[in-house]
Amino acid sequence: MHLDASASSAVLETRARVKASVRAFFAARGVLEVDTPALSQAATPDPAVESIEARLRFLGTHTAYLHTSPEYAMKRLLVGHSRDLYQISRVFRDGELGRWHQPEFLLLEWYRRGFTDLALMADVEALIAAVMRECGRKLESVRMTYQEAFVRALDVDPLGDISDLAKALSRRGVDVPAGLAGDGLLDLALGAVVVRRFAPGVVTFVHDYPATQAALAKIKDTTPPVAARFEAFVGDLELANGFQELTDAAEQRRRFENELNVRRRAGRPAPPLDEAFLAALEAGLPPCAGVALGLDRLIALAAGVDNLAAALTFAHRL
């Protein structure tokens, strides 16, 4: 793999304009910019994300990990400080290289105290609008629940009986692997059919995900229960993933252990958990909501280019 210079002069100008617009947006709202380390002794247990290892050779050889997100460190800061926080962070993920994926990219992450997932969704909407306005562009936005999105696309209720989901996918030409069920089947349906129906050039917010897909989100006291989670898409391109944050340390540890077990069953590495983050939850994470937004993807949309490499100063290529 090598690096090629890829961004045009116009795109470089757009990158600078977008970052300046982001900083102006948060300055106007009193949100503090912070920096956290890229190296950690722990890694994400998320089965869908792979960390990149680094070998540190002091006092013996130690394994460290390049962070896939600044989330855990930022939540530790929330415990000890009274400000809302944001960070423009360079993050790293192994095994990701394609039209909209790079192993190294910019992530914009922020946390607002006292916000619900729906309040933070409005914050994301306002930030995207501000950035696009600064770059002479405009994106309309719509909202729908996860349940509504599935019913519209597949006429299947993802929060109820999904026994007919595999058949509904097959009727639409989707190859469903034998034995795929539960969240795996829902994820396939979301990526292969549901998001592909979203209007191009429109920000579609999907919220109230199944409780089994909460990750680091609180569970809402609804019938059936759903996760206080949302995602933002532009067409079928995922742009942001946000939560009303889980603050229960014991529940978070349980979820992490479940994810590690998924990794072990698949014969994949089970990295060490971030005990400092779990200790911060035990100390008392304040009620808050947080979101991670792919900043390079937003820059690509603002610049009018149709792939991530064209939005980067230097792109990784095979």
Side-chain angles (χ1 to χ4, degrees), residues 1 36-79 87 89-98 101-105 107 109 177-188 190-191 209-219 227 229 231 238 241-243 245-283 285 290-292 294 316:
M1 190 168 66
T36 59
L39 276 177
S40 173
Q41 294 184 28
T44 179
D46 186 345
V49 178
E50 208 63 55
S51 301
I52 296 176
E53 291 187 10
R55 306 295 289 176
L56 303 181
R57 293 178 175 84
F58 59 89
L59 300 177
T61 300
H62 300 268
T63 299
Y65 300 88
L66 291 167
H67 67 174
T68 59
S69 160
E71 178 173 7
Y72 301 161
M74 292 185 74
K75 287 180 179 176
R76 288 169 61 190
L77 287 179
L78 283 170
V79 171
Q87 183 171 183
S89 179
R90 192 164 294 279
V91 301
F92 307 85
R93 299 184 183 183
D94 205 359
E96 299 195 6
L97 185 61
H101 293 85
Q102 287 277 311
E104 176 184 0
F105 58 96
L107 198 63
E109 192 146 337
L180 189 66
D183 286 327
L185 188 59
L186 289 172
D187 288 345
L188 175 63
L190 183 69
Y209 275 62
T212 53
Q213 299 186 25
L216 290 97
K218 291 185 66 173
I219 303 298
R229 174 187 174 191
E231 288 190 284
E238 181 190 348
N241 188 17
F243 308 101
E245 301 295 341
L246 177 67
T247 57
D248 184 326
E251 171 62 14
Q252 187 62 75
R253 183 179 293 277
R254 186 191 68 79
R255 293 186 192 179
F256 279 168
E257 293 292 350
N258 286 342
E259 289 181 325
L260 289 178
N261 287 333
V262 171
R263 284 179 159 275
R264 292 184 185 105
R265 288 195 297 269
R268 294 167 59 193
L273 296 180
D274 193 327
E275 294 294 344
F277 164 60
L278 291 168
L281 288 186
E282 290 177 357
L285 180 68
V291 62
H316 293 269

Compute the ring centroids of Tyr65 and Tyr72, then answer whether they are less than 6.0 Å apart. no
For residues [X] and [Y], report the shortest heavy-atom separation together with the two atoms involved.
{"X": "Ile219", "Y": "Ala211", "answer": "CD1-O, 3.7 Å"}
{"X": "Leu285", "Y": "Glu245", "answer": "CD2-CB, 4.3 Å"}
{"X": "Ala292", "Y": "Glu109", "answer": "CB-OE1, 3.5 Å"}
{"X": "Val91", "Y": "Pro70", "answer": "CG1-CD, 4.1 Å"}

Evaluate the side-chain contact (heavy atoms from CB on, under 4.5 Å) criterion for residues Leu97 and Gln102: first the C-alpha distance (whole Å), next the side-chain angles of each, then the deciding distance (0.1 Å), finally the verdict. CA-CA 5 Å; Leu97 185 61; Gln102 287 277 311; 3.5 Å; yes
Tell me, please, which residues at least two apart from [X] pass side chain to side chain donor-acceptor pair (under 3.5 Å).
{"X": "Lys218", "result": "none"}
{"X": "Arg55", "result": "Thr63"}
{"X": "Ser51", "result": "none"}
{"X": "Asp183", "result": "Thr212, Gln213"}

Working to the nearest 0.5 Å, report the span between CD1 of Ile52 and CG of Asp94. 5.0 Å
Nearest 0.5 Å, please: how far is NE2 in His67 from OG in Ser89? 3.5 Å
Set of side-chain contact (heavy atoms from CB on, under 4.5 Å) partners for [X], sequence neighbours left out:
{"X": "Arg268", "value": "Pro47, Glu50, Arg263, Ala266"}
{"X": "Ala283", "value": "Val79"}
{"X": "Ala73", "value": "Thr36"}
{"X": "Val49", "value": "Thr44, Asp46, Thr68, Arg93"}

Quick one, [X] and [Y] - any side-chain contact, counting heavy atoms below 4.5 Å?
{"X": "Arg229", "Y": "Glu231", "answer": "yes"}
{"X": "Pro45", "Y": "Glu257", "answer": "no"}
{"X": "Arg90", "Y": "Glu104", "answer": "yes"}
{"X": "Val291", "Y": "Asn241", "answer": "no"}

Please indicate whether Gln41 has more than 12 foreign heavy atoms, meaning atoms of other residues, nucleotides or ligands, lying under 6.0 Å from its CD. no
List the residues meeting salt bridge (charged side-chain N to carboxylate O under 4.0 Å, His left out) with Arg255, not counting sequence neighbours, and say none if there are none. Glu251
Scan the side chains in residues 271-281 for donor-acceptor partners under 3.5 Å anywhere in the protein, sequence neighbours excluded, and list what turns up.
residue, atom, partner, partner atom, Å
Asp274, OD1, Ala276, N, 3.3
Asp274, OD1, Phe277, N, 3.0
Glu275, OE1, Arg253, NH2, 2.7
Glu275, OE2, Arg253, NH1, 3.2

Considering residues at least two apart in sequence or located in another chain, which fulfil the ring-ring contact (aromatic ring centres under 6.0 Å, His included) criterion with Tyr209? Tyr146
Residue pairs passing the ring pair (Phe, Tyr, Trp, His ring centres under 6.0 Å) test with at least one member in residues 36-57, sequence neighbours excluded, are none
